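If you're wondering where the values come from, they're calculated on a predicted model, not measured in any experiment. Reminder, nothing fancy here: chain letters follow the sequence lines and each chain counts from 1.
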2 protein chains.
Amino acid sequence: MESNTPLGRKVTVRDIAAACGVSRATVSLVLRDSPLVNKDTRARVEEELRRQGYVYNRAAANLRRRTSSSIALVINELANPFFAEFAAGVDDVVGEAGMVTLLGSSSESPQREQAVLGSLIEHGPGGIILSPAEGSDARQVLAAVGARTPLLVFNRELSGEQPEYAHWDSLALDNQQGAREATAHLIAQGHRRIAFFGGHGDSSSCRQRRAGYREAMKAVGFPMAPHWEVECLPTRLDAARCAEALFEADPAPTAAVCYNDAVALGLMHGLAERGLAPGQDFALTGFDDIAEAALATPSLTTLAAAPRARGRQAAQMLLQRLRDPDAEARRIVAPVKLVIRASSCPPLA
Amino acid sequence: MESNTPLGRKVTVRDIAAACGVSRATVSLVLRDSPLVNKDTRARVEEELRRQGYVYNRAAANLRRRTSSSIALVINELANPFFAEFAAGVDDVVGEAGMVTLLGSSSESPQREQAVLGSLIEHGPGGIILSPAEGSDARQVLAAVGARTPLLVFNRELSGEQPEYAHWDSLALDNQQGAREATAHLIAQGHRRIAFFGGHGDSSSCRQRRAGYREAMKAVGFPMAPHWEVECLPTRLDAARCAEALFEADPAPTAAVCYNDAVALGLMHGLAERGLAPGQDFALTGFDDIAEAALATPSLTTLAAAPRARGRQAAQMLLQRLRDPDAEARRIVAPVKLVIRASSCPPLA
DNA sequence: GTACGTATTTGGAACGATCCAAATGGAGCC
DNA sequence: GGCTCCATTTGGATCGTTCCAAATACGTAC
């Protein structure tokens, strides 16, 4: 604890070895808990390590051993609570494995993403977890990451041509299954005229969710009206503004599967302004299970993706890959869980 | 781009040098954009670097140069949007400076914090930004960080005895001024009976905010009733549960300064359950300006701390310290800004 | 006393980049 | 030719750790 060198040079194995009258190799063995070293020697060295306030230089060790003790994590938008939770989950597992997380944020810009990947890769991470920016191109990402570093892609697909030789692991959410379940749930509640509300048509998650909705409707043979599929920005404000579109033509829907929770909450607002009581006169579901969903009035039926658990899972997948670099690439689609609350009421009698 | 060594050894300066018929030193000069090297040589080397898909090994360079290219960031709770924003701000600036962020999360546990600091320090960061876990002890943190690595403490104070020899920079929020302003605003609206609601009494931020509240009340000579200071967990749920406590005795308050936004939103819920309309029958303010504050009904008057800007500022302070290690320690208290919205209505006539 | 086995320790050469002092090769001048 | 001057290049040592093959010490059995 007491620092004999308050501002002197950094303490190295050499200093410890000299002070104990042993060789550097012996100190190194002590540091790595080798059973080879004598009990007394070990005690003497350990005491000296403490006394001089030695800190291990992992970078030097990694250089020599050609190993890595870090994982790079590149997030499209860290400020988004969903991804913050995800990052926390990743860091949990990475930390448990005795490694550290190198963080990078791309702010949804493929250019920034390239720069960040380039910078992180120079630090020699053992692997990379990437939640791609929208529009991030597969070839470019692979060029930046290189063939040497395992890659795990989370949440979105990389766009553009997929080079066949390159294989990476991926972890995605089962958007389609989720939307299908939500739709089926509304159908089970007795609804027949169900809308799909909100989201941006081009994004892969929106396409997948809409596909799930259509699938569920087709499965029971219910017709769908064109004006039941409403696009809007994935924000509360725009969702509230677009609520009207549902009622522009007959027949009006009695329920809606919403793109996500933000949109659902916005729609609630829009409904209230039209004099409809959400959860009573009109049923709806969300997606994500954000903190607010449980607290809204009425509380929101939604699909929980458990971002922290996904983060842990992503990290585990990558660590697994480090252990077994030649295993087949894995593409895991994590199920999402329907959380039934008050907003998905039966239709009015 | 084309990788001649799809799974061969890592490409090093040595390989490039050999392929170009120059020495390692020359390649190294090219890598660092030295003006010493001949134009043609440079072109030849750069071409070869590209051809072989060379990636710079920054760890090796740092070892030799005794420099660092990373900043460690240890957050008490990364999943909290406030700190996620902060982290994003830090990473922005660190990235702009060509460095990378080493991430660690302590989950509000001083033990975890110790472990995380110990692990990160081994990677030789140039400096550390720490948002301490509640109850984190100054001596222990300093022991883990060592005297060699500059430390910047954000948001909270380290508890326990403060060793005089150790100096670190700090960046805090002006909790007291914020709460004082919020209280003064409610007073200006015409309220006389104002409560301070929520938060945990022991935490430094809660103490500071309460002090600001009391100060503002004393400044105008308004009396304060004991049951107007209600403690609760800083969560929505517990806040909703504790709302009653405000009305257990006479006289009941007509407004409340809340510990933070989560608590304020919870209190709104609790009020609604008692049949009181927040923003009409009862005024309240929050602290933090989380995304939801603007969207709640009624929209929430609160104190904006601009966490992303604080993150940028913290990183800048630390980078400044790296440039000038011997400068006086700086303790900056960042002002917070009162954002007036609908929840801080005047009292009923 | 020699040989052998076990337990422990060790010097030197890596890892991949950079620093440094010194070498190289012209061009220009006397 | 010999000289200096300049631009450019270079081998070897070094950063802090680990690997490796070999050395040392000490019983114990023959």
What is the distance, rounded to the nearest whole Å, between atom [atom1] of [X] and atom [atom2] of [N]?
{"X": "Glu122(B)", "N": "dT17(D)", "atom1": "CD", "atom2": "C1'", "result": "13 Å"}
{"X": "Leu36(A)", "N": "dA25(D)", "atom1": "CG", "atom2": "P", "result": "18 Å"}
{"X": "Leu63(B)", "N": "dT14(D)", "atom1": "CG", "atom2": "C1'", "result": "9 Å"}
{"X": "Arg44(B)", "N": "dT9(D)", "atom1": "CZ", "atom2": "C1'", "result": "12 Å"}
{"X": "Asn62(B)", "N": "dG16(D)", "atom1": "CG", "atom2": "C1'", "result": "13 Å"}
{"X": "Lys39(B)", "N": "dT8(D)", "atom1": "NZ", "atom2": "P", "result": "11 Å"}
{"X": "Arg14(B)", "N": "dG12(D)", "atom1": "CZ", "atom2": "P", "result": "11 Å"}

Does any part of the side chain of Pro150(B), heavy atoms only, come nearer than 4.5 Å to the side chain of Trp168(B), both counted from C-beta?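 They are not in side-chain contact.
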
4.5 Å side-chain heavy-atom contact, Val27(B) and Tyr54(B): no

NZ/NE/NH1/NH2 to OD/OE distance under 4.0 Å, Arg44(B) and Glu47(B): no

Salt-bridge test for Asp92(A) and Arg312(A): reply yes if a basic N is under 4.0 Å from a carboxylate O, no otherwise. yes

How are the rings of Phe86(B) and Phe154(B) set relative to one another: parallel (under 30°), tilted (30 to 60°) or perpendicular (over 60°)? parallel

Got more than 12 heavy atoms from elsewhere within 6.0 Å of CD, Glu46(A)?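 Above 12, so yes.
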
Going by heavy atoms closer than 4.0 Å, what residues in residues 20-32 of chain A are next to DNA chain D?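 Within residues 20-32 of chain A, the residues near DNA chain D are Arg24(A), Ala25(A), Ser28(A), Arg32(A).
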
For the student: nearest non-hydrogen atoms of [X] and [Y], plus distance:
{"X": "Gly126(A)", "Y": "Ser68(A)", "result": "N-OG, 2.9 Å"}
{"X": "Glu134(B)", "Y": "Glu108(B)", "result": "N-OE1, 2.9 Å"}
{"X": "Leu117(A)", "Y": "Ala144(A)", "result": "CB-CB, 4.0 Å"}

Taking atom NE2 of His123(A) and atom CG of Asn62(B), what is their separation to the nearest 0.5 Å?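 Nearest 0.5 Å value for the NE2-CG distance: 6.0 Å.
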
Hey, could you give me the CG/CD1 distance between Asn155(A) and Ile129(A), rounded to the nearest 0.5 Å? 13.0 Å

Over its full length, what angle do the end axes of the helix from dG1(C)-dC30(D) to dA27(C)-dT4(D) make, each axis taken from five pairs and the result rounded to 10 degrees?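 What I find for the helix from dG1(C)-dC30(D) to dA27(C)-dT4(D) is an axis angle of 80°.
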
Using a distance-only criterion (donor-acceptor N/O pair, under 3.5 Å, no hydrogens), is the base of dT14(D) paired with the side chain of Arg64(B)?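 Pair found.
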
Quick check: on DNA chain D, is the nucleotide nearest Val37(B) upstream (toward 5') of the one nearest Arg65(B), or the reverse? Name the residue that is more 5'.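 Going by which nucleotide is closer to the 5' end, it is Val37(B).
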
Check every nucleotide of DNA chain C for an atom under 4.0 Å from a heavy-atom of chain B, then give the first and the last such nucleotide from 5' to 3'.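 The footprint of chain B covers dG16(C) to dC19(C).
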
